[in-house]
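Below: the structure, in structure tokens.
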Amino acid sequence: MHTTPGLQSVHSAQLFLPHTEPPAPARTIEVAPGILWARLTLPFRLDHVNIYFIDDGDGWTLIDTGLGSKTTQAAWQSLFDGLLRERPLTRILVTHFHPDHVGSAGFLLQRFDVPLYMSATEYLQSLNIHLNPGALEAEHYRLFYLEHGLDAETTQRVVTSGHAYLKLTSGLPPVFHRLIAGDVLRIGAREFDVLTGGGHSPEQIMLFSRADRLFLAADQVLAKISPNVSVSAIDPEGNPLGYYLRSLDALKQGIPADVLVLPGHNLPFYGMHTRIDELVAHHRARCDRILQACRSVPRSAAELVPFVFTLNLDPHQMGFAFSEVLAHVNYMLRQGELKPTASTDGIRRVVAKP
Ligand SMILES: [Zn+2]
Ligand SMILES: [Zn+2]
């Protein structure tokens, strides 16, 4: 969920993977002293999400919760009966608002009376969808997609995604504990620096233990796939790819190269700086394809999709692909690589600057 369709990013041979297999369902692997890794399944092409339990003295601080689905809740039941029977959750930290991360928070908070830690933007983004799941269906949002050349079927699917979100999540508590970049979060005997990054989601939380050389990267840096970076109709001229590249640069400057990365998907790995270089190159290659396609012919974001995603996309994937291509277009407009062209049919198109 919320990762690029086609999963075109290549797996780096230069990363070191301390575990070549994920934990079995409802089981955990200790990835560092007092830090357990578990997996929950997702009913998508990306079929899993990673969650972590961090030793917090009397219990565990949970990082992310999985989807708010019956399957995930059955998996949680096994964890209640096993790992959590003697040592319950002490708090729940959700890295970002995507349903594969926040989805079971409401379900878990019915069982454990513990605080929910999130960044303000991610909490409010999720709450906003819960309060008004049909908001994107307004005419000006619909027009935004149509003006960028998206077909009517995909537009309909994208503007109704708030209702899909509600089906994949189990609600939020009325209060939360705000995390903000620069905070130091003590969990058990460890201190974690709190970092945030944009691009994949507005204010995604990441945790860094300098003493133990551990980095909980959420979806910002993944070993195998490239996290989805999408323009939202609410911020139509937004530059999420610019924010994402800025965040990757900050991570490379601020986090040592030898950390063990504990990500939201794929396997834990060493080699974060190498992986960041690959992700930057991956986006540059996509920009170059767009530049090539717009060299002499003006094209809309929707018309550019087949130049970037060569696989056949189903309507669900098409929405993500379109929003991702638009993120590249908006970035390239800011960089001065593309310029808008005059249109006679109401569709917004761009062309390469000479
Ligand atoms: Zn995500
Ligand atoms: Zn995710």
Side-chain angles (χ1 to χ4, degrees), residues 1-12 15-32 35-54 60-80 82-84 89 92-105 107-108 122 164-165 167-170 200-201 204-207 214-229 260-272 275 279 311 314 316-317 320:
M1 189 72 195
H2 291 274
T3 46
T4 304
L7 311 181
Q8 295 183 340
S9 191
V10 286
H11 196 296
S12 172
L15 306 182
F16 175 66
L17 308 170
H19 304 275
T20 51
E21 293 292 330
R27 305 300 289 267
T28 59
I29 290 176
E30 186 164 330
V31 282
I35 301 187
L36 306 181
W37 166 37
R39 268 207 170 168
L40 298 168
T41 56
L42 300 177
F44 310 118
R45 187 187 180 100
L46 175 61
D47 63 1
H48 70 273
V49 60
N50 296 326
I51 60 170
Y52 299 93
F53 298 90
I54 304 179
W60 303 99
T61 288
L62 171 67
I63 311 296
D64 286 333
T65 70
L67 221 53
S69 67
K70 289 268 178 290
T71 309
T72 299
Q73 289 168 5
W76 272 115
Q77 193 58 52
S78 303
L79 288 161
F80 297 159
L83 177 72
L84 299 173
L89 299 183
I92 298 174
L93 188 159
V94 168
T95 58
H96 62 299
F97 82 98
H98 292 164
D100 46 339
H101 299 263
V102 76
S104 267
F107 166 76
L108 291 170
E122 302 288 341
Y165 184 88
K167 290 198 187 105
L168 300 172
T169 52
S170 58
H200 174 65
S201 70
Q204 184 169 222
I205 295 285
M206 297 164 277
L207 299 177
L214 291 170
F215 185 60
L216 286 109
D219 282 2
Q220 202 74 340
V221 187
L222 305 171
K224 195 171 175 182
I225 57 180
S226 164
N228 178 259
V229 173
L260 171 62
V261 181
L262 302 174
H265 304 277
N266 305 147
L267 298 170
F269 66 97
Y270 289 95
M272 188 171 79
R275 186 58 188 148
L279 288 165
L311 296 172
D314 66 31
H316 173 78
Q317 295 173 320
F320 285 111

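The chain is numbered in sequence order, starting from 1.
With rounding to the nearest 0.5 Å, the separation of CG in Leu79 from CD in Gln73 is 12.5 Å. With values rounded to the nearest 0.5 angstrom, Thr61 atom OG1 is found 9.5 Å from Ile92 atom CD1. Note that CD1 of Ile35 is 14.0 Å distant from CD1 of Ile29, once rounded to the nearest 0.5 Å. Distance OG/Ser69 to CG/Leu42: 8.0 Å, rounded to 0.5 Å. Rounding to the nearest 0.5 angstrom, the gap separating the CG atom in Leu267 from the CZ atom in Phe16 is 11.5 Å. Note: Phe107 CZ to Gln77 CD = 6.5 Å, rounded to the nearest 0.5 Å.
Of the listed residues (Ile63, Leu62, Leu214, Leu262), just one forms a side-chain contact (heavy atoms from CB on, under 4.5 Å) with Ile54, and that residue is Ile63. Results of the side-chain contact (heavy atoms from CB on, under 4.5 Å) test with Tyr270 over Leu15, Val261, Leu260 single out Leu260 as the only residue that passes.
The shortest side-chain heavy-atom distance between Thr28 and Pro23 does not fall under the 4.5 Å cut-off. Looking only at side-chain heavy atoms (C-beta outward), Leu207 and Tyr52 stay at 4.5 Å or farther from each other. Using a 4.5 Å heavy-atom threshold, the side chains of Pro227 and Leu279 count as touching. Looking at heavy atoms from C-beta onward, Leu36 lies in side-chain contact with Trp60 at the 4.5 angstrom threshold. Between Pro43 and Thr71 the shortest side-chain heavy-atom distance does not fall below 4.5 Å. Looking at His101 and Glu122, their side chains never come closer than 4.5 Å, going by heavy atoms from C-beta outward. Using a 4.5 Å heavy-atom cutoff, the side chains of Val102 and Tyr165 are in contact. Using a 4.5 Å heavy-atom cutoff, the side chains of Leu40 and Leu67 are not in contact.
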Tell me, with the steps shown, if Phe53 and Leu84 meet side chain to side chain contact (heavy atoms under 4.5 Å, CB included).
CA-CA 10 Å; Phe53 298 90; Leu84 299 173; 4.2 Å; yes
When you look at Phe320 and Gln317, which way does the side chain to side chain contact (heavy atoms under 4.5 Å, CB included) test go after all the steps?
CA-CA 5 Å; Phe320 285 111; Gln317 295 173 320; 5.8 Å; no
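Within the 3.5 Å criterion, the main-chain N or O of Val229 finds no donor-acceptor partner in the side chain of His200. Judged by distance alone, with hydrogens and angles left aside, the side-chain atoms of Thr169 form no donor-acceptor pair with the main-chain N or O of Gly68 at under 3.5 Å.
For Ala217 against Met206, the heavy-atom pair with the smallest separation is O-CG, 3.6 Å. Annotation for Thr65 and Ser104: closest pair OG1-N, 3.0 Å, computed over non-hydrogen atoms. Closest of all the heavy-atom pairs between Ser170 and Ala105 is OG-N, 3.8 Å. The two atoms that bring Leu168 and Pro99 nearest to each other are CB-CB, 3.7 Å, heavy atoms only. Closest heavy-atom contact between Pro268 and Pro263: CA-CD, 3.7 Å.
Residues meeting the side chain to side chain contact (heavy atoms under 4.5 Å, CB included) test with His48, sequence neighbours left out: Arg39, Leu46, Asn50, His265, Asn266. Applying the side chain to side chain contact (heavy atoms under 4.5 Å, CB included) test to Pro25 and every residue at least two apart in sequence or in another chain returns nothing.
In this structure, a donor-acceptor pair under 3.5 Å is present between the side chains of His96 and Asp219.
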